[in-house]
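Reviewing the structure listed below.
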Amino acid sequence: LHYYEYGTPKLIGTCDNIYLKKDYRNTSLLDDMLTWLMNYGRSYGMQEMEFLTVFDIALSKAWERKGFKPSQITYTKLCQ
């Protein structure tokens, strides 16, 4: 977890990788992790948190149900 100042007067925390194994996806573990990370960021003055994860429509909807909204997109290409 780290933060950047994006030229605005607010601190934005970023979690570059978050992954939950399938066995734990239908438990409260994700909610517990997100609550802990949000509280941790808030304790350091973060006003916003970004979580980077793989793109998946179902996963995107799950994040939105938790109150998150998409804010950026990354394009990837293999170096061949």
Side-chain angles (χ1 to χ4, degrees):
L1 185 66
H2 54 275
Y3 77 91
Y4 297 102
E5 294 184 43
Y6 287 115
T8 61
K10 66 180 173 181
L11 296 177
I12 300 173
T14 302
C15 181
D16 291 335
N17 283 305
I18 188 164
Y19 180 82
L20 201 59
K21 289 185 176 183
K22 287 184 180 184
D23 294 348
Y24 299 100
R25 291 183 188 164
N26 291 323
T27 70
S28 66
L29 185 57
L30 179 58
D31 289 332
D32 295 343
M33 284 173 46
L34 291 175
T35 297
W36 186 89
L37 287 165
M38 294 294 287
N39 288 336
Y40 180 82
R42 200 175 296 116
S43 74
Y44 282 91
M46 308 299 169
Q47 296 163 305
E48 207 171 280
M49 294 290 292
E50 295 177 342
F51 293 91
L52 307 179
T53 186
V54 297
F55 178 76
D56 179 288
I57 295 294
L59 189 56
S60 180
K61 290 179 182 187
W63 280 100
E64 289 179 29
R65 281 194 302 273
K66 296 187 180 309
F68 292 88
K69 53 186 177 174
S71 62
Q72 59 186 315
I73 187 167
T74 301
Y75 294 93
T76 305
K77 182 177 180 178
L78 295 176
C79 298
Q80 294 182 9

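Just so we're clear, the structure is a prediction, and the values are computed from it rather than from any experiment.
- Looking only at distances, a side-chain donor or acceptor of S43 sits under 3.5 Å from a matching main-chain atom of Y40.
- Between T76 and T74 there is a side-chain heavy-atom pair separated by less than 4.5 Å.
- Looking at heavy atoms from C-beta onward, T14 lies in side-chain contact with D16 at the 4.5 angstrom threshold.
- Here N26 contributes atom CG and D23 contributes atom CG; the two are 10.0 Å apart, rounded to the nearest 0.5 Å.
- V54 and M49 fall within a single hydrophobic cluster, where Ile, Leu, Val, Met, Phe, Trp and Tyr side chains are chained together by heavy-atom contacts under 4.5 Å.
- Distance check: I73 CD1 to F55 CZ gives 7.0 Å after rounding to the nearest 0.5 Å.
- Surrounding OH of Y75 are at most 12 heavy atoms belonging to other residues, nucleotides or ligands under 6.0 Å away.
- Taking the side-chain contact (heavy atoms from CB on, under 4.5 Å) definition, one finds that N17 meets it with nothing, sequence neighbours left out.
- The line from CD of Q47 to CD1 of I12 is 8.5 Å long, rounded to the nearest 0.5 Å.
- Of all heavy-atom pairs spanning M46 and G13, the tightest one is SD-N, 3.7 Å.
- A chain of hydrophobic side-chain contacts below 4.5 Å, direct or via other Ile, Leu, Val, Met, Phe, Trp or Tyr residues, connects Y44 to L34.
- Taking NZ of K66 as the reference point, atom OG1 of T35 lies at 8.5 Å (rounded to 0.5 Å).
- Note on W36 and L11: same hydrophobic cluster, where clusters join Ile, Leu, Val, Met, Phe, Trp and Tyr whose side-chain heavy atoms are under 4.5 Å apart, directly or indirectly.
- Hydrophobic clustering (ILVMFWY, side-chain heavy atoms < 4.5 Å, transitive): L52 and M33 are in distinct clusters.
- To the nearest 0.5 Å, atom CE of residue M38 and atom CZ of residue F51 are 6.0 Å apart.
- The two atoms that bring S71 and E50 nearest to each other are OG-OE2, 4.4 Å, heavy atoms only.
- Put simply, OG1 on T53 and CG on L59 are 4.5 Å apart, with the number rounded to the nearest 0.5 Å.
- The local environment of CZ in F68 is crowded, with over 12 non-hydrogen atoms from other residues, nucleotides or ligands closer than 6.0 Å.
- Using modelled atom types, no side-chain atom of S60 and backbone atom of D56 make a donor-acceptor pair closer than 3.5 Å.
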